[in-house]
Novice: 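My structure is below; once you've seen it, I'll send some questions.
Both counts, for ligands and for their atoms, begin at 1 and track the order of listing. By convention here, the first residue in the shown sequence is residue 1.
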Amino acid sequence: MARLAFITGGGRGIGAAIRAALEQRGCRVVAPARADLDLAEPAAIEAYLKVHGDLPVDILVNNAGINVLNPIPAIDAAAWQAMLQTNLTAALRLIQAFAPGMAARGWGRILSVSSILGVVTREQRAAYSMTKAALNALCRSAAVEFGPAGVLVNALAPGYVDTALTHQNNTPEMLAAIQATIPLRRLARAEELAEVAAFLVSAENTYLTGQTILVDGGFTCQ
Ligand SMILES: NC(=O)c1ccc[n+]([C@@H]2O[C@H](COP(=O)([O-])OP(=O)(O)OC[C@H]3O[C@@H](n4cnc5c(N)ncnc54)[C@H](OP(=O)(O)O)[C@@H]3O)[C@@H](O)[C@H]2O)c1
């Protein structure tokens with residue numbers, strides 16, 4: 001039977017590419033829109049899980065994320081809470097909801113879309129970097145806890161991808177300068193991330209777990 005994949009932020013950007021890659025490989029994909037599952041609102045997550053929490057999810061992809069830029073002195077409580085809730089707490093909540101079922105069935109794959117900025121950083125990215133670093137830690141912990149039951153858990157850490165998020169937070173001049181420092185001299189296409197994601201959550205991945213996989217055109221190796 002086709003595996004059931006659940007993906008957040010599957011409507012556009014990297015999430016849409018992962019969704020398409022999983023569908024091409026024969027998965028059934030549930031990708032709730034923000035109107036049905038607003039990850040920034042804990043009450044909305046609980047309401048969604050009350051109805052859909054027993055879906056027999058085989059593959060969970062925590063992809064949705066936001067990156068609101070602020071220098072450290074300007075990170076107020078509301079900005080921090082929004083980043084923490086959307087990028088980290090929502091992923092934890094979905095792992096809590098769906099990983100025990102995977103473990104009970106003896107097979108599962110969990111992938112969280114992190115960022116190279118969870119490993120390195122840049123000005124105005126403190127809040128984002130903190131949430132992504134913690135997401136990497138959550139992946140390691142989940143890999144340890146659910147590994148014995150056949151559930152493999154990883155974080156996929158993109159570099160600079162050609163999506164709305166990248167263009168929202170970088171001027172064309174900044175992007176030109178960034179591309180000049182990437183060994184492959186270009187941004188990634190979302191489909192390139194999706195190929196790696198599709199492998200990580202597949203049955204072909206039998207031994208890779210608990211890792212943060214950097215896919216950045218070589219940016220962070222310099
Ligand atoms: N682009 C990059 O260069 C890059 C690099 C490293 C990491 N990443 C990470 O990759 C992931 C996807 O990024 P992207 O570039 O594809 O971003 P994007 O184009 O901005 O898309 C973000 C997706 O997340 C969804 N989302 C955001 N807040 C949400 C909320 N409160 N509830 C439900 N859905 C929400 C959006 O839904 P709506 O359509 O409803 O807005 C959208 O589908 C993020 O976790 C991001 O941090 C991106």
Novice: Using side-chain heavy atoms (C-beta onward) and a distance below 4.5 Å, is S129 in contact with L117?
Specialist: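 Of all side-chain heavy-atom pairs linking L117 with S129, at least one is under 4.5 Å.
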Novice: So is K132 in contact with ligand 1, going by heavy-atom distances below 4.0 Å?
Specialist: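 The answer is yes, since K132 has a heavy atom less than 4.0 Å from ligand 1.
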Novice: Closest non-hydrogen protein atom to atom 27 (C) of ligand 1, residue and atom name please, with distance?
Specialist: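 For this ligand atom, the closest protein heavy atom is R34 NH2, 3.4 Å.
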Novice: Between V144 and L88, is there a shared hydrophobic cluster once you connect ILVMFWY residues whose side-chain heavy atoms come closer than 4.5 Å?
Specialist: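 No, it is not one cluster - the side chains of V144 and L88 are not joined through contacts under 4.5 Å.
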Novice: Can you confirm whether H52 sits close enough to F6 that some side-chain heavy atom of one is under 4.5 Å from a side-chain heavy atom of the other?
Specialist: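 No, too far: nothing below the 4.5 Å cut-off.
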Novice: Quick one: does T8 get within less than 4.0 Å of ligand 1, heavy atoms only?
Specialist: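 Contact check T8 vs ligand 1: negative.
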Novice: What atoms in ligand 1 come closer than 4.0 Å to a heavy atom of A64?
Specialist: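 The list of qualifying atoms is 24 (O), 25 (C), 26 (N), 34 (N), 35 (C), 45 (O).
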Novice: Report yes or no: does T131 contribute a side-chain atom to a donor-acceptor pair with the main-chain N or O of L84 at less than 3.5 Å?
Specialist: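 No, the answer is negative, given that no donor and acceptor are paired below the 3.5 Å cut-off.
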Novice: Going from CZ on R109 to CG on L60, what distance comes out if it is rounded to the nearest 0.5 angstrom?
Specialist: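 Reported to 0.5 Å precision, the distance equals 13.0 Å.
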Novice: Closer than 3.5 angstrom, by distance alone: can the side chain of N63 be matched with the main-chain N or O of T8 as a donor-acceptor pair?
Specialist: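 Yes, the answer is positive, given that a donor and an acceptor are paired below the 3.5 Å cut-off.
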Novice: I want to confirm something. Looking only at heavy atoms, which of H167, R12, M83 is nearest to atom 21 (O) of ligand 1?
Specialist: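 Looking at heavy atoms only, the winner is R12.
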Novice: With atoms numbered from 1 as shown, which atoms in ligand 1 lie under 4.0 angstrom from a non-hydrogen atom of V113?
Specialist: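 Under 4.0 Å from V113, ligand 1 has these atoms: 9 (C), 10 (O), 11 (C), 45 (O).
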Novice: Nearest heavy atom to atom 16 (O) of ligand 1: which of L193, I14, L187, I7 does it belong to?
Specialist: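 Looking at heavy atoms only, I14 sits closest to atom 16 (O) of ligand 1.
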Novice: Relative to the heavy atoms of Y160, which atoms of ligand 1 are at a distance of less than 4.0 Å?
Specialist: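 In order of number, 3 (O).
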Novice: Would you mind listing which atoms of ligand 1 come within a distance below 4.0 Å of any non-hydrogen atom of D38?
Specialist: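 So the atoms of ligand 1 that pass are 30 (C), 31 (N), 32 (N).
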Novice: Test of understanding: given a 4.0 Å heavy-atom threshold, classify the contact between T163 and ligand 1 as side chain, backbone, both, or neither.
Specialist: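 Contact part for T163 vs ligand 1: side chain (C-beta onward).
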Novice: Using a 4.0 Å cut-off to any heavy atom of G159, which atoms of ligand 1 qualify?
Specialist: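 Every atom of ligand 1 under 4.0 Å from some heavy atom of G159: 3 (O), 4 (C), 5 (C), 6 (C).
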Novice: Check whether any heavy atom of A157 sits under 4.0 Å from an atom of ligand 1.
Specialist: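 For ligand 1, residue contact (heavy atoms, under 4.0 Å) with A157 is absent.
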Novice: Contact between ligand 1 and L37 is defined here as a heavy atom of the residue under 4.0 Å from a ligand atom; is it met?
Specialist: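 Distance cut 4.0 Å: L37 passes for ligand 1.
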Novice: I'd like to check whether I66 has a polar contact with ligand 1, where a contact means an N/O of the residue lying under 3.5 Å from an N/O of the ligand.
Specialist: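 No.
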Novice: Do T206 and L152 have side chains that approach each other closer than 4.5 Å (heavy atoms only, starting at C-beta)?
Specialist: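 No, too far: nothing below the 4.5 Å cut-off.
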Novice: Tell me whether T166 reaches ligand 1 (any heavy atom closer than 4.0 angstrom to a ligand atom).
Specialist: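 It does; at least one heavy atom falls under 4.0 Å.
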Novice: Are R122 and N170 close enough that a side-chain donor and a side-chain acceptor fall under 3.5 Å?
Specialist: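 Checked: R122/N170 side chains pair up, N/O donor to acceptor below 3.5 Å.
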Novice: Under 4.0 Å, heavy atoms only, figure out whether ligand 1 is touched by the backbone of S114, its side chain, both or neither.
Specialist: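 For S114, only backbone atoms sit under 4.0 Å from ligand 1.
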Novice: Is there a polar contact, in the sense of an N or O pair closer than 3.5 Å, between Y128 and ligand 1?
Specialist: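 Among all N and O atoms of Y128, at least one is under 3.5 Å from an N or O of ligand 1.
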Novice: Purely on distance, is any nitrogen or oxygen of N63 under 3.5 Å from one on ligand 1?
Specialist: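 So ligand 1 has an N or O lying under 3.5 Å from an N or O of N63.
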Novice: Ligand 1 and G13, any nitrogen or oxygen pair closer than 3.5 angstrom?
Specialist: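 By distance alone, the answer is no.
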